[in-house]
Amino acid sequence: APRRGLDERGRAELNRLIGRLPFKLHGCQMEALDALADGRDVVASMDRLGKTLIYIVFAIASGGTCILVTPLLTLRDDQLREINTWGARL
């Protein structure tokens, strides 16, 4: 099946989520989210919460599921705490 990006409702949710973040996204994060919203593949190399943020925000906006695997337990715990403050169900 072809990959699909976000419909109008999903894009509105994406913008709402981005507006609620307690910090500003970097340009490369916005580019990745725009590409995902258009239904394109994304390969990203970023620090710590950079990639996680992209995956989680997009999953919430699309109403989909995101599976996050990280080998660092303390990093995972920090990320989960932060993501839970956004109202995500984890």
Side-chain angles (χ1 to χ4, degrees):
R3 293 189 179 181
R4 295 174 32 201
L6 296 176
D7 59 13
E8 188 175 317
R9 183 175 163 201
R11 285 181 184 274
E13 178 65 5
L14 180 63
N15 290 330
R16 186 188 71 76
L17 288 168
I18 291 169
R20 288 186 59 203
L21 293 174
F23 47 83
K24 185 175 173 154
L25 293 176
H26 296 286
C28 56
Q29 290 169 309
M30 288 302 300
E31 287 179 42
L33 284 168
D34 286 340
L36 289 169
D38 290 341
R40 294 181 280 146
D41 293 333
V42 172
V43 175
S45 176
M46 298 174 200
D47 65 354
R48 223 171 90 107
L49 191 57
K51 293 179 298 301
T52 303
L53 193 58
I54 293 167
Y55 301 138
I56 297 296
V57 168
F58 184 76
I60 294 170
S62 67
T65 300
C66 178
I67 299 173
L68 177 64
V69 178
T70 180
L72 304 171
L73 294 177
T74 56
L75 175 59
R76 182 205 61 202
D77 293 343
D78 288 346
Q79 291 174 345
L80 288 174
R81 263 193 302 281
E82 179 67 27
I83 292 163
N84 280 329
T85 66
W86 306 339
R89 295 177 311 182
L90 302 174

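Ala61 pairs by the side-chain contact (heavy atoms from CB on, under 4.5 Å) definition with Leu6, Glu13, Leu14, Leu17, not counting sequence neighbours. The side-chain hydrogen bond (donor to acceptor under 3.5 Å, both in side chains) search around Arg11 returns Asp38, not counting sequence neighbours. Under the side-chain contact (heavy atoms from CB on, under 4.5 Å) criterion, Arg9 pairs with Asp7, sequence neighbours left out.
Scanning all heavy atoms of the two residues, the minimum distance from Ser62 to Ala59 falls at OG-O, 3.2 Å.
Listed by first then second residue, pairs satisfying salt bridge (Lys or Arg N to Asp or Glu O under 4.0 Å) with a partner in residues 20-36 number zero, not counting sequence neighbours.
Between Leu33 and Leu25, the closest side-chain pair of non-hydrogen atoms falls below 4.5 Å.
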